[in-house]
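Residues: numbered from 1 along the sequence shown.
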Amino acid sequence: MGAVSLRHLRKVYPGGTVAVEDVTLEVADREFLVLVGPSGCGKSTTLRMVAGLEEISSGTVAIGGRVVNTLPPKDRDIAMVFQNYALYPHMTVRENMAFGLRLRHTPRAEIAARIADAAEALGLTELLERLPKQLSGGQRQRVALGRAIVRKPQVFLFDEPLSNLDAKMRVEMREEIHRLHHRLGATILYVTHDQTEAMTLGDRIVVMEAGRVRQVADPVTLYHEPANRFSAGFIGTPPMNFLMAVVEPSGALRTDAGVLLPPAGRFGALAAGTPVCFGIRPEALAAVSEPRPGALQAEVDIVEQMGAEAYVHFRVGEARVTARLPADTPLKRGMTCFLVPDFTHAHLFDAVSGDRLDAVCYNAGLNSNQGV
């Protein structure tokens, strides 16, 4: 079984720098778990502690029910795929894929069979006698994948494997990794700073910030029910919009660009004068030409045509707000319009802690929407 258990994992470097602080995660057998977050958030360090490439300051790592804290990487039954491919330049594709098996004294016939099987799955059969310098970036990454696959480990670890590829190749390799996961039925821990990779690949996603886990959820839950402002702002393209506001006695939200009028009870009962952060996804904003109650006056700053849609960036008071609108929108830079929010897809966050305040209300809204 390839289940992975991290208990109160912590990493402190000499000098007192804390890279990972109290990370506790349970990865089910055959699950695809993605660690995502900005550079320096501790995701790669966490992965390297699982692999045995970083010493653990405190806490435990268990793979298949066995605590592996003191075991060297070769004895942990894992295979790791790196960002820089880590191929031996003087070895052919076949030799690179066979290298780890030879170190384990695997019989030659079994090595040949495993390589043939992996090469066929990855489209490498015609490239087995080439050197890495004769391959494209995508082909090199396939070789790195093949080298991991032939090991047949309990757990695959991926450390930003697609960062060096162009946009088109990244899409193709995401599809390849997705297919491999279903074909192999393997447990995968995958690290990336790209939230698109995280959303498209992961069964569940771990959002990290400053060495801590901020939220763990499946992609749909993470997008629609962010637990805090950080998760809400990190996940989504374009990201969620935020406006600082104060709750009025009527339940309205006063911003420096106007007053928002959420439906009664939408955000629960908050005391008048409470400072909050109002968050709304770009697709939940509509632009109208005439003022109306609860709409925010906005000035068009930039219009990005994306083909099927347009990302329109506005100045709203002192804030910047983005709306995802139809591609044929008539809005142009310098025009004034009014933004109407769809409160079904809006949230309130605590102005200090950043925690979401409307969890119960939003869940009730989801349940009611399912019947429409």
For residues 138-146, run the donor-acceptor check on the side chains, cut-off 3.5 Å, and write out each pair with its distance to 0.1 Å, sequence neighbours left out.
unit_1, atom_1, unit_2, atom_2, d
Q139, OE1, S136, N, 2.9
Q139, OE1, S136, OG, 3.4
R140, NE, P132, O, 2.9
R140, NE, L135, O, 3.3
R140, NH2, P132, O, 3.4
Q141, NE2, P161, O, 2.2
R142, NE, L122, O, 3.3
R142, NH2, E176, OE1, 3.1

Heavy-atom pair with the smallest gap, counting every atom of [X] and [Y]:
X    : Y    : answer
R30  : G185 : CG-O, 2.9 Å
I205 : P219 : CD1-CG, 3.9 Å
G233 : P239 : O-CB, 3.4 Å

Spacing of [X] atom [atom1] and [Y] atom [atom2] [to the nearest 0.5 Å]:
X    : Y    : atom1 : atom2 : answer
H90  : N96  : NE2   : CG    : 8.0 Å
K74  : R104 : NZ    : CZ    : 8.0 Å
I177 : L184 : CD1   : CG    : 11.5 Å
L101 : I111 : CG    : CD1   : 5.0 Å
L6   : I63  : CG    : CD1   : 9.0 Å

Exercise. Considering residues at least two apart in sequence or located in another chain, which fulfil the ring pair (Phe, Tyr, Trp, His ring centres under 6.0 Å) criterion with F32?
Worked result: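 Listed in chain order: H181, Y190.
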Problem set entry | salt bridge (Lys or Arg N to Asp or Glu O under 4.0 Å) partners for R7, two or more places apart |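 Per chain and number, R7 pairs via salt bridge (Lys or Arg N to Asp or Glu O under 4.0 Å) with E26.
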Exercise. Quick one: salt bridge (Lys or Arg N to Asp or Glu O under 4.0 Å) partners of E21, sequence neighbours excluded?
Worked result: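 Counting only residues at least two positions away or on another chain, E21 forms a salt bridge (Lys or Arg N to Asp or Glu O under 4.0 Å) with R10.
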Quick one: which residue pairs count as a salt bridge (Lys or Arg N to Asp or Glu O under 4.0 Å) with a foot in [range], not counting sequence neighbours?
range            : answer
residues 129-138 : R94-E129
residues 300-315 : D301-R315, D301-R333, E309-R324
residues 267-281 : none
residues 45-68   : K11-E54, R48-E54

Exercise. Residues in side chain to side chain contact (heavy atoms under 4.5 Å, CB included) with R204, at least two apart?
Worked result: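 R204: side chain to side chain contact (heavy atoms under 4.5 Å, CB included) contacts with E31, L33, V216.
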Problem set entry | Partner set under side chain to side chain contact (heavy atoms under 4.5 Å, CB included) for Q195, not counting sequence neighbours |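 Result, side chain to side chain contact (heavy atoms under 4.5 Å, CB included) vs Q195: M199, F234, I235, T237.
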Exercise. Under a 4.5 Å side-chain heavy-atom rule over Ile, Leu, Val, Met, Phe, Trp and Tyr, are V155 and L53 clustered together?
Worked result: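 V155 clusters together with L53.
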Exercise. Are M244 and L357 connected in a single hydrophobic cluster, I mean Ile/Leu/Val/Met/Phe/Trp/Tyr linked by side-chain heavy atoms less than 4.5 Å apart?
Worked result: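 Hydrophobic grouping puts L357 apart from M244.
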Problem set entry | Side chain proximity check, L348 to L270, heavy atoms < 4.5 angstrom |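 Yes, at least one pair of side-chain atoms sits under 4.5 Å.
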Problem set entry | Any side-chain heavy-atom pair of H313 and R320 under 4.5 Å |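 The answer is no, as the side chains (C-beta and beyond) never meet within the 4.5 Å cut-off.
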Exercise. Relative to the ring of H182, is the ring of H178 parallel (under 30°), tilted (30 to 60°) or perpendicular (over 60°)?
Worked result: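 The arrangement is parallel - the two ring planes meet at less than 30°.
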For this session: List, by chain and then residue number, the residues other than M240 in its hydrophobic cluster (Ile/Leu/Val/Met/Phe/Trp/Tyr, side-chain heavy atoms under 4.5 Å); write none if there are no others.
Result: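 Cluster partners of M240: F242, F349.
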For this session: Considering only Ile, Leu, Val, Met, Phe, Trp and Tyr, and joining two whenever side-chain heavy atoms are under 4.5 Å apart, list the other residues clustered with I302.
Result: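 Its cluster partners, ordered by chain and number, are none at all.
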Problem set entry | Distance-only donor-acceptor check, side chains D342 and T344, under 3.5 Å |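 Indeed, the side chains of D342 and T344 share at least one donor-acceptor pair under 3.5 Å.
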Exercise. Does the Q215 side chain pair with the main chain of A227, one donor and one acceptor, at a distance under 3.5 Å?
Worked result: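 Yes: the side chain of Q215 pairs with the backbone of A227.
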